[in-house]
Amino acid sequence: MTTETNSSSGSCCGSCGSGDTVDVQGVGVTTSYKVTGMTCGHCEGAVSQEISALAGVTAVNAVADTGEVTVTSAAPLDEEAVRAAVDEAGYELVGRA
C-alpha cells in the first residue's frame, strides 16, 4: 500500500477523525505498540483494520498523534504477525510501547 501525503495538512487526506477504534468483541490481553507513519484518521483506520484481522484480536485503538496502537486479544499475539499487519497497512511497527 502506498501512503499519499497532503503537504498542506501533513496527512494523507483532509477529512479524518482521530483515535480510530475497531471493536470486534470481548476483552482479553491488552498490548500497546508504537507505530510510525500514521498522520490522520485514515491511517489509524488502515492500521486498525489490518490488525483486527489477526486471529484472536478483539479490539484495536490506533492514535496517529502519539503513534500508539493498543490491541486487545484473547491471547498474547505474535509480534511478527502484528508487524506484518502494520506493514501491510503501509506503516512501520517500532515495537511495544
Side-chain angles (χ1 to χ4, degrees):
M1 175 181 163
T2 58
T3 304
E4 294 181 29
T5 308
N6 179 338
S7 60
S8 63
S9 68
S11 69
C12 60
C13 60
S15 62
C16 296
S18 182
D20 190 36
T21 302
V22 174
D23 187 4
V24 182
Q25 67 181 357
V27 295
V29 177
T30 300
T31 309
S32 293
Y33 299 95
K34 198 72 168 169
V35 174
T36 60
M38 295 188 300
T39 58
C40 67
H42 177 265
C43 303
E44 295 165 342
V47 169
S48 295
Q49 183 177 0
E50 290 297 333
I51 294 175
S52 67
L54 296 175
V57 172
T58 57
V60 180
N61 182 42
V63 181
D65 288 342
T66 62
E68 190 167 313
V69 178
T70 305
V71 181
T72 304
S73 55
L77 297 174
D78 175 49
E79 190 166 322
E80 288 309 310
V82 177
R83 184 177 309 281
V86 171
D87 185 60
E88 181 66 26
Y91 305 93
E92 182 180 352
L93 177 69
V94 176
R96 292 185 186 209

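We use all heavy atoms of the structure for the numbers below, so side chains are in, but hydrogens, waters and symmetry mates are not.
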Checklist entry - Do you know the tightest heavy-atom contact between Cys43 and Gly37? => result SG-O, 4.4 Å
Item to check | Smallest separation among heavy atoms of Ala64 and Cys40, with atom names | outcome: CB-N, 3.6 Å
Checklist entry - Can you find a heavy atom in the side chain of Leu93 that is under 4.5 Å from one in the side chain of Glu79? => result yes
Next on the checklist: Run the side chain to side chain contact (heavy atoms under 4.5 Å, CB included) test on Leu77 and Val71 for me, step by step, so that the C-alpha distance in whole Å, both residues' side-chain angles and the decisive distance to 0.1 Å come before the verdict.
Outcome noted: CA-CA 9 Å; Leu77 297 174; Val71 181; 3.6 Å; yes
Checklist outcome for this item: Note: Ser48 and Ala62 closest approach over all heavy atoms is OG-CB, 3.6 Å
Next on the checklist: Tell me the closest heavy-atom pair linking Tyr91 and Thr36, and the distance in Å.
Outcome noted: CB-O, 3.5 Å
Checklist entry - How far does OG1 of Thr39 sit from CD of Glu44, to the nearest 0.5 angstrom? => result 9.0 Å
Item to check | Polar side-chain atom of Thr58 near backbone of Thr72 as donor-acceptor pair, under 3.5 Å | outcome: yes
Checklist entry - How long is the gap from CD on Glu68 to NZ on Lys34, to the nearest 0.5 Å? => result 6.5 Å
Checklist entry - Hey, which of Val86, Val63, Val35 is the one that makes side-chain contact (heavy atoms from CB on, under 4.5 Å) with Val69? => result Val35
Checklist entry - For the atom pair CG (Asp87) and CD (Glu80), what is the distance rounded to the nearest 0.5 Å? => result 10.5 Å
Checklist entry - Just how far is it from atom CG of Asp78 to atom OG of Ser73, taken to the nearest 0.5 Å? => result 11.0 Å
